[in-house]
Amino acid sequence: MQVFRRVGMAGSVFMLALATGYVTQNGGAIASRFSPGATPGGVAQIASDPAPEAPQHESAVNTSETAPTTSLSSVSIPVEPAVMALTAPATRLFADRLSGTTQTPVIAPDTPTCDVTLSAIPGDAAMVDLSVVAPCHPNETVIIRQGTLKFTQATDHDGQLRLSLPALSADASLEVELSDGTAATTQADVPAASSYEHVGLQWTGRTDLQLHAFEFGATYGQPGHVHAGAAHSPDRAKLMGAGYMTLLGDPTLEGGMMAEVYSFPSADAHARGVIRITVEAEVTRDNCGRQVSAETLQPVLGDGLDAVDLTLSVPGCDALGEFLVLNNVLRDMKIAAN
C-alpha cells in the first residue's frame, strides 16, 4: 500500500508539472486570445493545439501502467456586456430607432367654464324668449327681473333655463341673479312692445291671489274673461286682437316669487271699450286669518310698469272657499278700436 501511494503522488506531481510546462510554453498565445478585441465576435477562442504527448514511465510495482495523456479542448468564453450611463433621455438618443413608432399625444381635458350667460330673442306678440346658461349652477333657484317685474325659476340639471315673458318696453332690459349673488344682464329690442298695454300682479310665497281681466263687458266664464284658469296664449293677440295672461314663476319652489301679467294689443284692437281689471283672493288654509302682501304692476308714462304695494287682511278660516274681490287696486284699460 505504501508503494502505491508514492506512485499516486508521483503521478500527481507529474501532471502538475506537465500543465505548468504547457502554460509556460503557450502563455503568450493564451494571453493574446483573452485580450480585448481578440476576435470580431467579442468571444475569445482557445485553439485546440494538440498537447505534447506525455512520456511513458515504468512503475516499480506495475511496469505495464502508463500515465494518462492530457490536452486542452476548445472553450468559448462570452465577453461581459458593457454598462453605459446615458447622457440624455433614451427617446432622444435613439430617436432614429423610434421613428417608425406612433406617439399618441396626451390631450388635457377641457376645463369647464362657470361663466353665466343670458340671451334674449324677440318673439311673437311682443314676447321675449329668454335663455340662461349657468353650467356650475344646476338645479338652482334664480331670480329673473325685467324692470319692476320679478319672479323665480329653477335651472335644470345642466344649469340651463329657457322661458318666454312679455316685453314690457321696446328696449327690454333683463337680468338673472343666482343664489350666490352672481348676475348677468342682457337687452332685447322689441319694437312691437310699444303696441301693447300691460298690467300685472306679483307676490312671494302662498297668497292665493289672482289677476282677472274682463274684456269689453265680459263676465265670469265668458270668452273675454282672462285669468290663470283661462290664460290663453300670445296667438290670441295676433289672431283676434285680444288679450292673454302670462304666468311667471315656479309655484313648487319654497318661498318662490310669482307673477301674472295681462297683455293686450291696444294698437291692433278689434273692438273699443273698457277692460276691467280686478285682483281676487280665495280664502284657503294657507292664507286664512292672516295678512298677505303683493305688488300691483301698472303702466306709467312712457314704457314700463310701476310697482305699488298691496296688503290684504284675509278673513278667518271659517270663511274657507269664499273670494275677496278688489276692484280698484288697478286702473281699467280704455281701448280705442283701430
Side-chain angles (χ1 to χ4, degrees), residues 104-169 171-190 193 198 200-211 227-235 244-263 284-287 292-295 297 305 307:
T104 303
V106 178
I107 302 176
D110 294 335
T111 302
T113 176
C114 287
D115 293 341
V116 178
T117 58
L118 181 66
S119 59
I121 301 175
D124 293 336
M127 295 287 284
V128 175
D129 297 326
L130 189 67
S131 174
V132 180
V133 179
C136 295
H137 300 270
N139 305 310
E140 185 172 308
T141 299
V142 300
I143 301 174
I144 308 294
R145 292 189 179 91
Q146 182 187 182
T148 55
L149 173 68
K150 58 182 180 293
F151 57 93
T152 53
Q153 295 276 169
T155 59
D156 62 15
H157 62 279
D158 293 322
Q160 299 185 19
L161 171 64
R162 289 176 175 81
L163 56 91
S164 295
L165 70 162
L168 303 181
S169 61
D171 53 349
S173 179
L174 300 129
E175 178 185 5
V176 60
E177 180 182 345
L178 283 71
S179 60
D180 63 357
T182 302
T185 60
T186 190
Q187 187 167 328
D189 294 327
V190 189
H198 309 276
L201 178 70
Q202 61 190 20
W203 64 90
T204 299
R206 291 295 301 273
T207 63
D208 295 296
L209 293 172
Q210 287 187 348
L211 183 66
H227 58 100
H232 303 298
S233 72
D235 291 337
Y244 63 93
M245 190 82 69
T246 306
L247 312 179
L248 301 169
D250 187 345
T252 66
L253 297 176
E254 186 68 25
M257 293 185 287
M258 302 288 298
E260 295 178 354
V261 177
Y262 172 72
S263 304
T284 67
R285 294 285 182 187
D286 294 317
N287 63 13
V292 295
S293 298
E295 288 181 333
L297 304 174
L305 297 176

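The backbone N or O of Thr141 sits nowhere less than 3.5 Å from a side-chain atom of Thr152 that would complete a donor-acceptor pair. Remark: side-chain polar atoms of Glu260 are not paired, donor with acceptor, to backbone N or O of Ala228 under 3.5 angstrom. Thr155 places a side-chain N or O within donor-acceptor distance of the main-chain N or O of Glu140, the cut-off being under 3.5 Å. With hydrogens and angles ignored, the 3.5 Å screen pairs no side-chain donor or acceptor of Gln202 with any backbone N or O of Ala307.
Taken from OG in Ser131 to CG in Leu163, the straight-line distance is 9.0 Å, to the nearest 0.5 Å.
Scanning for salt bridge (charged side-chain N to carboxylate O under 4.0 Å, His left out) contacts around Asp156 gives an empty result, with sequence neighbours left out. In this structure, the ring pair (Phe, Tyr, Trp, His ring centres under 6.0 Å) partners of His227, at least two apart in sequence or on a different chain, are His212, His225.
Within the 4.5 Å cutoff, the side chain of Val142 has no heavy atoms near those of the Val132 side chain. Under the 4.5 Å side-chain criterion, counting only non-hydrogen atoms from C-beta, Tyr244 is not in contact with Ser233.
Tested against Val176 for a side-chain contact (heavy atoms from CB on, under 4.5 Å), the candidates Ile143, Val133, Ile144, Thr117 yield a single pass: Ile144.
Salt bridge status for Glu177 with Lys150: absent, with no side-chain N to carboxylate O gap under 4.0 Å.
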Let me have the donor-acceptor pairs involving side chains of residues 248-258, under 3.5 Å, with sequence neighbours excluded, atom names and distances please.
from: Asp250; atom 1: OD1; to: Thr252; atom 2: N; distance (Å): 3.0
from: Asp250; atom 1: OD1; to: Thr252; atom 2: OG1; distance (Å): 2.6
from: Asp250; atom 1: OD2; to: Thr252; atom 2: OG1; distance (Å): 3.2

